[in-house]
Amino acid sequence: MFKENYLKSDFTAGIQAPKADKNLPKYMTLQELHKLFTCLEHDSRPQRIRNELMFKLLATTGMRRPELVDLIWEQVILENQTI
(Lines give C-alpha, C1' and ligand atoms only; values in the text may rest on other atoms or scores of the structure.)
Protein backbone atom coordinates (compact mmCIF):
# COMPACT_ATOMS: atom_id res chain seq x y z
CA MET A 1 0.00 0.00 0.00
CA PHE A 2 2.97 2.27 0.64
CA LYS A 3 4.30 1.63 -2.88
CA GLU A 4 0.91 2.49 -4.37
CA ASN A 5 0.73 5.73 -2.32
CA TYR A 6 -2.21 4.62 -0.18
CA LEU A 7 -0.09 5.10 2.96
CA LYS A 8 2.29 7.97 3.72
CA SER A 9 4.77 5.84 5.62
CA ASP A 10 5.80 2.20 5.59
CA PHE A 11 4.90 0.92 9.05
CA THR A 12 6.66 -2.39 8.30
CA ALA A 13 10.06 -0.74 7.76
CA GLY A 14 12.64 -2.26 10.05
CA ILE A 15 10.66 -5.47 10.71
CA GLN A 16 12.74 -8.49 9.87
CA ALA A 17 11.25 -11.74 8.66
CA PRO A 18 11.82 -14.71 10.99
CA LYS A 19 14.74 -16.91 10.09
CA ALA A 20 13.68 -19.96 8.15
CA ASP A 21 15.11 -23.33 9.06
CA LYS A 22 17.63 -24.15 6.35
CA ASN A 23 17.79 -27.83 7.26
CA LEU A 24 15.19 -29.95 5.54
CA PRO A 25 13.87 -32.94 7.49
CA LYS A 26 15.64 -36.21 6.79
CA TYR A 27 13.49 -39.20 5.99
CA MET A 28 14.27 -42.85 6.44
CA THR A 29 14.39 -45.14 3.43
CA LEU A 30 12.17 -48.21 3.32
CA GLN A 31 15.22 -50.35 4.08
CA GLU A 32 16.03 -48.24 7.13
CA LEU A 33 12.41 -48.46 8.34
CA HIS A 34 12.43 -52.22 7.88
CA LYS A 35 15.66 -52.46 9.87
CA LEU A 36 14.19 -50.28 12.66
CA PHE A 37 10.97 -52.33 12.81
CA THR A 38 12.92 -55.60 12.89
CA CYS A 39 15.07 -54.27 15.73
CA LEU A 40 12.00 -53.12 17.67
CA GLU A 41 10.21 -56.45 17.14
CA HIS A 42 13.14 -58.38 18.61
CA ASP A 43 13.70 -56.10 21.60
CA SER A 44 13.42 -58.00 24.89
CA ARG A 45 12.71 -55.01 27.13
CA PRO A 46 9.27 -54.49 28.72
CA GLN A 47 8.75 -51.29 26.68
CA ARG A 48 9.08 -53.22 23.40
CA ILE A 49 5.41 -53.20 22.44
CA ARG A 50 4.96 -49.53 23.30
CA ASN A 51 8.07 -48.50 21.35
CA GLU A 52 7.17 -50.63 18.35
CA LEU A 53 3.65 -49.26 18.21
CA MET A 54 4.78 -45.65 18.59
CA PHE A 55 7.36 -45.83 15.81
CA LYS A 56 5.04 -47.72 13.48
CA LEU A 57 2.28 -45.15 14.01
CA LEU A 58 4.67 -42.28 13.33
CA ALA A 59 6.15 -43.92 10.25
CA THR A 60 2.96 -45.20 8.63
CA THR A 61 0.22 -42.70 9.45
CA GLY A 62 1.76 -39.27 9.03
CA MET A 63 0.87 -38.57 12.64
CA ARG A 64 2.98 -35.86 14.24
CA ARG A 65 4.87 -36.44 17.48
CA PRO A 66 2.62 -34.12 19.57
CA GLU A 67 -0.47 -35.89 18.20
CA LEU A 68 0.96 -39.25 19.25
CA VAL A 69 1.88 -37.99 22.73
CA ASP A 70 -1.61 -36.51 23.23
CA LEU A 71 -3.40 -39.64 21.97
CA ILE A 72 -5.91 -41.16 24.44
CA TRP A 73 -7.68 -44.53 24.37
CA GLU A 74 -11.03 -42.91 23.55
CA GLN A 75 -9.54 -41.86 20.19
CA VAL A 76 -8.59 -45.44 19.28
CA ILE A 77 -11.47 -47.39 17.73
CA LEU A 78 -10.37 -50.99 17.39
CA GLU A 79 -13.58 -52.14 15.67
CA ASN A 80 -12.99 -49.75 12.75
CA GLN A 81 -9.20 -49.91 13.05
CA THR A 82 -9.09 -46.10 13.15
CA ILE A 83 -7.53 -43.40 15.28
Side-chain angles (χ1 to χ4, degrees):
M1 294 188 70
F2 175 70
K3 289 179 183 179
E4 299 292 328
N5 295 320
Y6 289 106
L7 293 175
K8 293 180 182 180
S9 64
D10 183 5
F11 65 90
T12 63
I15 298 176
Q16 294 181 355
K19 293 181 181 179
D21 189 9
K22 295 179 183 178
N23 299 328
L24 293 175
K26 295 181 181 178
Y27 298 96
M28 297 178 80
T29 65
L30 288 176
Q31 289 176 326
E32 291 169 330
L33 275 176
H34 180 68
K35 188 175 179 181
L36 172 64
F37 291 164
T38 301
C39 180
L40 290 169
E41 290 166 1
H42 293 94
D43 190 357
S44 61
R45 294 177 295 173
Q47 304 92 341
R48 180 192 72 81
I49 295 173
R50 180 205 62 192
N51 294 343
E52 182 182 349
L53 179 60
M54 286 173 52
F55 279 102
K56 286 185 176 181
L57 278 171
L58 288 171
T60 60
T61 65
M63 184 180 287
R64 295 178 184 97
R65 187 180 56 206
E67 294 170 331
L68 177 65
V69 171
D70 292 338
L71 190 63
I72 58 173
W73 274 111
E74 287 76 19
Q75 296 170 313
V76 178
I77 305 170
L78 296 176
E79 296 82 22
N80 297 343
Q81 297 182 352
T82 58
I83 296 176

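Worth knowing before you read on, the calculation uses all heavy atoms, side chains too, and leaves out hydrogens, waters and symmetry mates.
Taking Ile, Leu, Val, Met, Phe, Trp and Tyr as members and joining any whose side-chain heavy atoms lie under 4.5 Å apart, directly or through other members, Ile15 forms no hydrophobic cluster with any other residue. Side-chain contacts under 4.5 Å among hydrophobic residues (ILVMFWY), followed directly or transitively, place Leu57 together with Leu53, Met54, Leu58, Met63, Leu68, Leu71, Trp73, Val76, Leu78, Ile83.
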Could you list the donor-acceptor pairs under 3.5 angstrom formed between side-chain atoms of residues 23-31 and any protein atom two or more places apart in sequence or on another chain?
| unit_1 | atom_1 | unit_2 | atom_2 | d |
| --- | --- | --- | --- | --- |
| Thr29 | OG1 | Glu32 | N | 3.1 |
| Thr29 | OG1 | Glu32 | OE1 | 3.4 |

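Not counting sequence neighbours, the partners of Thr82 by the side-chain contact (heavy atoms from CB on, under 4.5 Å) test are Ile77, Asn80. The side-chain contact (heavy atoms from CB on, under 4.5 Å) search around Gln81 returns none, not counting sequence neighbours. Not counting sequence neighbours, the partners of Phe11 by the side-chain contact (heavy atoms from CB on, under 4.5 Å) test are Leu7. With sequence neighbours left out, Thr60 forms a side-chain contact (heavy atoms from CB on, under 4.5 Å) with no residue at all.
Sorted by first then second residue, the side chain to side chain donor-acceptor pair (under 3.5 Å) pairs that include residues 44-53, not counting sequence neighbours, are Asp43-Arg45, Arg48-Glu52, Glu52-Lys56. Residue pairs meeting the salt bridge (charged side-chain N to carboxylate O under 4.0 Å, His left out) criterion with at least one member in residues 66-83, sequence neighbours excluded: Arg64-Glu67.
For Phe55, the CZ atom is loosely surrounded, since the number of other residues' heavy atoms within 6.0 Å does not exceed 12.
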